[in-house]
Colleague: 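To start, I am sharing the structure in question, which I have written as structure tokens.
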Amino acid sequence: MQKYRSVFISDVHLGSADCQADYLLDFLSNIECDTLYLVGDIIDLIAMQRRVHFPPSHQAIVHKLLEIAAGGTRVIYVPGNHDEFLRHFCGQTLSGIELMQKAIHTTADGRRFVVCHGDQFDQVVRCSPLMLVVGDRAHGLLLRLNRWFNAWRRMRNKPYWSLAAWVKTRIGKARSFIRRFEMAALTVAERGKYDGFICGHIHSAGFLRSQDGLYCNDGDWVEHCTALVENASGRLEILHWSEAPSVVETEPDEPAPEFAKGPRPVVDVLTPAFIEQVNAEPK
């Protein structure tokens with residue numbers, strides 16, 4: 001049993017065929033933490049409007065989360081764009097799970113992080129409507145291919161490997177979008193006098209450090225099977241959990257190369273009103 005001070009997971013997409021439910025259930029059954037953050041898109045209400053897919057493994061995850069909350073772990077649910085309906089219940093506690101529009105997490109070493117799903121940045125990390133449609137359809141195809149590919153790997157007794165994630169890392173526009181998203185989230189946190197930003201949404205786990213802040217993305221349980229964890233000292237790490245769980249990344253000590261020389265990269269316009277909205281203290 002692995003023990004952590006806090007654990008962050010997002011983009012589980014329960015209710016869709018792409019959810020890697022068995023790996024997540026194994027993860028939740030083998031960790032303990034003081035606080036568990038569910039950082040949005042835990043339930044895919046959009047996918048369920050088209051076709052309801054909620055097998056026993058998905059039901060088991062819901063029961064496990066309720067069990068964790070009942071066992072004394074503080075569970076905070078920050079809804080995302082695929083479970084946006086739950087934002088109507090923010091400020092309430094349902095079956096021991098607190099629902100919040102956003103949260104402020106303080107690490108063991110005293111750093112303060114804004115915790116949001118991250119879809120708020122879709123309006124500032126710009127993409128044309130056509131590209132959104134094409135991207136959504138292409139992503140859906142990639143996820144179907146990912147399911148078939150890993151079913152074939154399981155038959156050959158091979159561990160999980162994300163074909164979808166591998167393809168996306170080799171598409172220049174996808175890498176550019178991810179970097180713009182990271183820069184926007186990090187900049188908003190810094191201008192709000194926070195030490196960083198923790199989110200999901202883009203299905204790309206990782207860190208980005210500047211001189212003044214740290215961006216953290218916990219990834220997803222559709223393509224990567226990753227979680228962000230905080231140890232007892234406040235150190236943050238990203239875990240990959242499948243047949244061979246491992247730490248895949250630890251928060252960097254030094255700023256990324258693009259912050260080392262010259263002026264700070266400017267990616268998108270961040271209005272004062274938007275920065276204030278994202279950084280407002282939770283009610």
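Remember, predicted model here, so these are calculated numbers, not experimental data. Heads up: numbering here begins at 1 and tracks the sequence.
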Colleague: State, yes or no, whether a side-chain contact exists between Ser204 and Asn217 at a heavy-atom distance under 4.5 Å.
Modeller: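 No, side chains not in contact.
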Colleague: Side-chain contact, heavy-atom cut-off 4.5 Å: Pro252 with Leu214?
Modeller: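 Result yes, sub-4.5 Å side-chain heavy-atom pair found.
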Colleague: Is there side-chain contact between Ile202 and Asp11, with heavy atoms separated by less than 4.5 Å?
Modeller: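 A side-chain contact is absent here, since even the closest heavy-atom pair is not under 4.5 Å.
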Colleague: Could you tell me whether a side-chain N or O of Glu251 sits under 3.5 Å from a main-chain N or O of Leu236, the two making a donor and an acceptor?
Modeller: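 Yes; judged by distance alone, with no hydrogens or angles, the pair exists.
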Colleague: Could you label the plane-to-plane angle of the His201 and Phe181 rings as parallel, tilted or perpendicular, counting under 30° as parallel and over 60° as perpendicular?
Modeller: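 The arrangement is tilted - the two ring planes meet at 30° to 60°.
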Colleague: Got a donor-acceptor contact below 3.5 angstrom from the His240 side chain to the Ser246 backbone?
Modeller: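 Side chain of His240 to backbone of Ser246, a donor-acceptor pair under 3.5 Å: no, none is there.
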Colleague: When Cys216 is tested against each of Leu208, Leu186, Leu228 for side chain to side chain contact (heavy atoms under 4.5 Å, CB included), which residue passes?
Modeller: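 So the option named by the test is Leu228.
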Colleague: Less than 4.5 Å apart, side chain to side chain, heavy atoms only: is that true for Leu38 and Val75?
Modeller: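 Counting from C-beta outward, Leu38 and Val75 do come under 4.5 Å.
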Colleague: Report whether Tyr77 and Ile9 are members of the same hydrophobic cluster (ILVMFWY, side-chain heavy atoms less than 4.5 Å apart, transitive linking).
Modeller: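 The answer is yes; both residues are in one hydrophobic cluster.
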Colleague: Is there a side-chain contact between Pro79 and Phe85 in this structure, where contact means two heavy atoms from C-beta onward sitting under 4.5 Å apart?
Modeller: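 When only atoms from C-beta onward are counted, Phe85 and Pro79 do not touch, as no gap falls below 4.5 Å.
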Colleague: For the residue pair Leu65 and Leu36, establish whether any side-chain heavy-atom pair is separated by less than 4.5 Å.
Modeller: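 In short, these two side chains touch, coming nearer than 4.5 Å.
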Colleague: Which heavy atom of Leu239 sits nearest a heavy atom of Tyr4, and at what distance?
Modeller: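 The pair with the smallest heavy-atom distance is CD1-OH, 3.3 Å.
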Colleague: Between Phe113 and Phe8, is the ring centre distance below 6.0 Å?
Modeller: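 Centroid distance Phe113-Phe8: not below 6.0 Å, so no.
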Colleague: Run Tyr23 and Glu243 through side-chain contact (heavy atoms from CB on, under 4.5 Å) and show every step you take.
Modeller: CA-CA 8 Å; Tyr23 293 130; Glu243 288 81 2; 2.6 Å; yes
Colleague: If you take all heavy atoms of Cys199 and Val39, which pair is closest and at what distance?
Modeller: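 Shortest heavy-atom contact: CA-CG1, 4.1 Å.
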Colleague: Which pair of heavy atoms, one from Phe27 and one from Ala227, lies closest together, and at what distance?
Modeller: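 Looking at all heavy atoms of both residues, the closest pair is CZ-CB, 3.7 Å.
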Colleague: Does the side-chain contact (heavy atoms from CB on, under 4.5 Å) test come out yes or no for Leu99 and Gln92, once each step is laid out?
Modeller: CA-CA 6 Å; Leu99 280 87; Gln92 301 182 40; 5.7 Å; no
Colleague: List, one per line, each side-chain donor-acceptor pair under 3.5 Å for residues 103-110, sequence neighbours excluded.
Modeller:
from	atom 1	to	atom 2	distance (Å)
His105	ND1	Tyr37	OH	2.9
His105	NE2	Ser6	OG	3.4
His105	NE2	Glu230	OE1	2.8
Thr107	OG1	Asp109	OD1	2.4
Thr107	OG1	Arg111	N	3.1
Thr107	OG1	Arg111	O	3.4
Asp109	OD1	Arg111	NE	3.2
Asp109	OD2	Arg111	NE	3.3
Asp109	OD2	Arg111	NH2	3.4

Colleague: Taking Glu182 for the side chain and Arg180 for the main chain, is one N or O donor matched with an acceptor at less than 3.5 Å?
Modeller: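 Looks like no, no N/O pair under 3.5 Å.
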Colleague: Within the distance-only criterion (no hydrogens, no angle test), does the side chain of Ser10 pair as donor or acceptor with the backbone N or O of Gly219 below 3.5 angstrom?
Modeller: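 Checking the backbone N and O of Gly219 against the side chain of Ser10, a donor-acceptor pair under 3.5 Å is found.
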Colleague: I want to check something: taking the side chain as every heavy atom from C-beta on, are Asp18 and His13 in contact at a cut-off of under 4.5 Å?
Modeller: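 They are not in contact (no side-chain heavy atoms under 4.5 Å apart), so the answer is no.
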Colleague: Which atom names give the shortest non-hydrogen contact between Val78 and Cys116, and what distance separates them?
Modeller: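 Distance-wise, the nearest heavy atoms are CG1-CA, 4.2 Å.
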Colleague: What are the two closest heavy atoms between Ser29 and Met1, and how far apart are they?
Modeller: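 Smallest heavy-atom distance, with atoms named: O-CE, 3.5 Å.
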Colleague: Of the non-hydrogen atoms in Gly96 and Ala69, which two are nearest, and what is the gap between them?
Modeller: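 Shortest heavy-atom contact: O-CB, 3.8 Å.
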Colleague: Ignoring hydrogens and geometry, is there a side-chain-to-backbone donor-acceptor pair from Asp83 to Leu86 under 3.5 Å?
Modeller: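 Side chain of Asp83 to backbone of Leu86, a donor-acceptor pair under 3.5 Å: no, none is there.
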Colleague: Taking Thr93 for the side chain and Glu98 for the main chain, is one N or O donor matched with an acceptor at less than 3.5 Å?
Modeller: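 No; zero donor-acceptor contacts below 3.5 Å.
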Colleague: Are Ile61 and Leu94 in one and the same hydrophobic cluster, where Ile, Leu, Val, Met, Phe, Trp and Tyr link if side-chain heavy atoms are under 4.5 Å apart?
Modeller: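 Yes, same cluster.
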Colleague: With a 4.5 Å heavy-atom cut-off, do Thr226 and Asp218 have their side chains touching?
Modeller: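 A side-chain contact under 4.5 Å is absent here.
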Colleague: Taking NZ, NE, NH1 and NH2 as the nitrogens, is one of them in Asp253 or Arg235 under 4.0 Å from a carboxylate oxygen of the other?
Modeller: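 Salt bridge present between Asp253 and Arg235.
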